[in-house]
Each structure stands twice: as C-alpha cells, then as structure tokens.
Amino acid sequence: MGDKIASKKLANEAKVNTIPGYNDAIETAEQAVEIAKGIGYPVMIKASAGGGGKGLRVAFNDKEAFEGFTSCRNEARNSFGDDRVFIEKYVLEPRHIEIQVLGDSHGNVVYLNERECSIQRRHQKVIEEAPSPFISDATRKAMGEQAVALAKAVKYQSAGTVEFVVGKDQDFYFLEMNTRLQVEHPVTECITGLDLVELMIRVAAGEKLPIAQADVKREGWAIECRINAEDPFRNFLPSTGRLVRFAPPAQTMFQSDTGQRYGVRVDTGVQDGGEIPMYYDSMIAKLIVHGTDRNDAIAKMREALNGFVIRGISSNIPFQAALLAHPRFVSGEFNTGFIAEHYAKGFRAEDVPHDDVNFLVAMAAFVRRKSRERAARHVRATSLATA
Amino acid sequence: VKVGVDYTVVVLSENGHAEYRYVPVHVDEFTGKAGAAAIHVEGKLYEVNSGSRLNDICIEGTVNGEPFTAQMERGTAKNPLALRVQHNGTKIEALVMSPRMAELHRLMPFKAPPDMSRYVLSPMPGLLVDVAVQPGQKVQAGERVAVIEAMKMENVLFAAADGVVGKVLAAKGESLTVDQPIIEFV
C-alpha cells in the first residue's frame, strides 16, 4: 500500500472513491470540455510538466474549460516545451480527514472513526482532532466502510490509516494509506477508549479482534497539539540547545492506560535538562486533551498550553495558543489552507491577540505585591528577634 | 518595608510593541488569606486567588472565580528587575513600581532599541557557508545575499529591500550566533 499509484489502482478495485480524472493527454479543447463534463465541475486543468502555478487552471463550466484548456496548453508549450495537459476533479475547500482501521489475521477489520487533520503547515500536521467537526454521520459511515473495504482487499492485519481529502459538499476521495501507527493516534484512543498499541500487538500475535464494528464508541472530543522545537516568530526555524526547563502540565491520562479519560495527556521523549540536538525532527512532545465536547476540549487545551513550561529553546506553543483562540478554528470552519491563508506573512507577535491584556498587568502587580508582602514579613520577624 | 496598595505597572513590551505603557494599579490588602487579592486595573476588578509560590513559573488559581494558569518569571535578558508574564500565547515584560517611582521613571531617557533594519542578521546559530555580495554592490529585494548551514540544512538569506552593501561583517566559514549581523547596508 506504500506505492501511491498501485494503491490508487487497488482502491478503484475495492470501490473506494478516488479523485476522478483523465490521465491521458488530451488533444482538443472540445475533447477537454467533454471530459470535464464527465468528471463534473469544478475541474482542475493542469500541464503535465506544470509547476509554480504555471500551467494550472480551475474551470467551473464548459466555457472556462474550453478557454482554460487552450491557455493552459499554450502556457505549457511556451514555459515547459511539453504541451500535455490533464484534467481532474478540483476539490473545493479541501479537508484532510483520515479513518483509523484495525484488522486481524482472521479477516476482521473495523474502523475506529475519523481524525480531522486539516490544520497543517507546509503539509505537516499541527493540530489533530477526533471526531471531525465537519462530516455527517452518513459521511463518516461511508468513509469508514470504504476504508474497511480497502483494508480487506489487501488483507490488512494491523492498525492503519486511510487518508481522504474531503470537499465542501462532503464528497470524499482516497489519498493514500499509512500502514503504521500515526503520531495523532492518541485522539482516537481518547474517543474510543481503546489502546491501539496493545491491539496492534495482539493482532500481530494472531489474536482475534476483541471488538466488532458495533462496539466502537465515539465519546467526547479529543484534540492533539504537536509541540515542536521551533521558533514561530522566526518563520518556524528549528530551535536547538539545552532544555533549561521542561515542565509539561499535570497529566491525568496516560499512554497504555485507557481507564483514565477526559483529561490531559503528554507523550514525550525529552526531559528537563535534556539536549535538543540538530539531527532529528523538531517534534518534542504531543499534548492531548479529551473533553466532553469540542468547546470543552478547546478550553482544556488552552489551559494545558498555558501550563506547559519550556525554556532554553523556542517552541511553537504561542502559535498553538493563537490557533486555539482563532474564531475560525473555534467555529470548526476551516480547510487545509487555513494556516497559509491566515498567516500568509508568517506568524508575528501581533497575531496573538489577547482578549484582556490588563489581566497580565494585574498578574504582574499581584506577584510584585506578594513579594513585597513577604519582604515586609521578613523584616518584621528580624526586628522582633533583635528587640 | 512598606507594602503599599498603589502601584504603577510599566509595560516595557507587549506583543512585540516596544513602547512603554504606564498603568496605575490598585491592589487591595490581602484579606488575611495568603494569595488572595483584589486588583483594580483601569476600572476593571480582578479578584485573584492563587496558592502558587513566588518561585513557581506556573501561577495557577482563579480570577473572578474562573480558573487560570499563567507563567511568570522575574528577570529578563534586558532587565533583571523586569517581570515576564505569559498567558494564552501573549507575553508582556513589565516593571512594577510605586507611583512616585513611575513619575521619575518617565523622566528617564528612553533608549530606543537600535534600528537593525539596515542589517542582515543571522536568524539562527549556524555556519556561514557563503556570502554572495561584496561591499559597494547594489542588491535588489529578493536577491540572495548569504547562506547559513544549520541542522544539516542550507538556509539562504535574501535581501528584504533594495540597497547597496556597505560592509560585510562576518566571514565565510565563521560560526554565527542568533541575531549576529552579517551584512550592513548603506
């Protein structure tokens, strides 16, 4: 399933939706219009050799398809010396939503609901949540059943993820399958109450899945923020060095313990005093919260981020805090273009609006007053002792 | 030592803005209970309850009945007397003083942060592998001026605006620290 072209072919055979398109070079504009009609508008007309926005057109009707094909082809010929042009379905306001599946060696496969991973920066996921604030129960069921069909078609026996791109009309298309445990698996563990790692090991040992599809739960709302050693104010450049302080917020949920729910969990491999070397990926921790509903989960995550102390290196915590406070994020209306669109010029200090900055001023006075109070007590005690 | 109830918080920087803001704050007597205070800031009342200790970075408690977590440190790189407060992704640096001290503080000359817009600064610690310009050379915005290697990645620095190179301040092969000037424009 690792090979994208082979997996798309398999997906077609398993009757899984793939992005409709015409993968042979198109000769005439009339032919292009016919193909576009067959696929259904909007369509994307793109040059085989295209790149950097050149040789790319989006068409919403026959006229645009006709003109788009012609200009796309001219552009391709002039810019790339290759005038082959293809057409595929254009997904409006695409979301990245993936289905967690789990299969055993006895032919059983279940889907463990979806994860919404549309908050991405340069194709790297930043925030993941489960369930998705977007899809309907019917879409969830259809996506889940197609994911299971695909896993069954390849006799899949482990935990895996089937990734889909979902359009604004809840139309969904298979992207690829990840044949491994993913970074964002804890959000699925929260809402289903299952330990994915344990189940993976059990099915690998030949055991039968202990649950049927009807037993799969979807309880509460879980969000995961990836905590990265990078400086969001310097265009997210990686940050390395000594972790002078590393104190995550108090944990109330733990890996491999499904008994504790509706709390805060921290998955990490670094510790206070440790070194962040320059050789590895910048992700140093995953902060996961489980709430009763989406607003509760957002509130829990904001508090958890406020309590996460990282010193010595820069982290993306201010960026995560800004995302969690963004009205569009809170409304659940976003797509994979969210970060590029809202932080087009990069992330700046002004992009972290606080609804009441004077609270921070009050805290400064509070602490100053407290230390004066302590000093006064100290002086009084000393003068009494010497009197 | 006089504890006092009236303070002035001098906000030194707020969300990246480096203009001083003088905020009078009234802190009511701690009513017997340690860690409780009624704080008035510009007409708004904050009733804070917190059992956190002065040396904790995380200050937890309630404000007007709602739970909060903020981060607080004493001493910043620029000013050992300043407090740094962080909450919901926002960070301020502030000095807290008596109203009289604040009055005098206003008379102190304001030292504006140096204008570094004429410099190309190293955005990260790394090795300067190439300087692509020479003194006297005209460069246009977007032109490649230097290359730094860090984390096994080559990072190309581009000119942010049109200009003429005045001095090259770092040599090829040199190890750079964060914010070290590499090139000065005229």
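Below, each value reflects all heavy atoms present in this structure, side chains not excepted, and no hydrogens, waters or symmetry copies.
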Below 4.5 Å from any heavy atom of chain B, which atoms of [X] appear? Answer side chain, backbone, both or neither.
X: A:Arg374; result: side chain
X: A:Arg348; result: neither
X: A:Leu360; result: both

Euclidean distance, B:Leu83 CG relative to A:Ser371 OG, rounded to 0.5 Å: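 Going from OG on A:Ser371 over to CG on B:Leu83, the span is 8.0 Å.
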
Look up atom CD1 in B:Ile59 and atom NZ in A:Lys370, then write down how far apart they are to the nearest 0.5 Å.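 These two atoms lie 6.5 Å from each other.
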
Of all heavy-atom pairs between [X] and [Y], which one has the smallest distance, and what is that distance?
X: A:Ala365; Y: B:Val25; value: CB-CG1, 3.7 Å
X: A:Met363; Y: B:Val85; value: CB-CG1, 4.1 Å
X: B:Cys58; Y: A:Val309; value: SG-CG2, 3.7 Å
X: B:Asn88; Y: A:Val352; value: O-CG1, 3.7 Å
X: A:Phe366; Y: B:Gly35; value: CZ-O, 3.7 Å
X: B:Thr90; Y: A:Pro353; value: OG1-C, 4.3 Å

Under 4.5 Å, heavy atom to heavy atom: which of residues 166-186 of chain B reach chain A? Give them by number, or say none.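 Against chain A, the residues of residues 166-186 of chain B that fall inside the cut-off (heavy atoms, under 4.5 Å) are B:Val178, B:Asp179.
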
Can a donor-acceptor pair be found, under 3.5 Å and without considering hydrogens, that links the side chain of B:Gln86 to the backbone of A:Asn306?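 No, the answer is negative, given that no donor and acceptor are paired below the 3.5 Å cut-off.
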
Looking at B:Glu42 and A:Asn358, would you say the former's side chain and the latter's main chain have a donor-acceptor pair under 3.5 Å?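 Such a contact is absent between B:Glu42 side chain and A:Asn358 backbone.
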
Is [X] close to chain A through its backbone or its side chain, or both, or neither, when contacts mean heavy atoms under 4.5 Å?
X: B:Arg21; value: side chain
X: B:Glu73; value: side chain
X: B:Ser52; value: backbone

Residues 318-330 of chain A: residues contacting chain B (heavy atom under 4.5 Å, by number):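 Result: A:Pro318, A:Ala321.
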
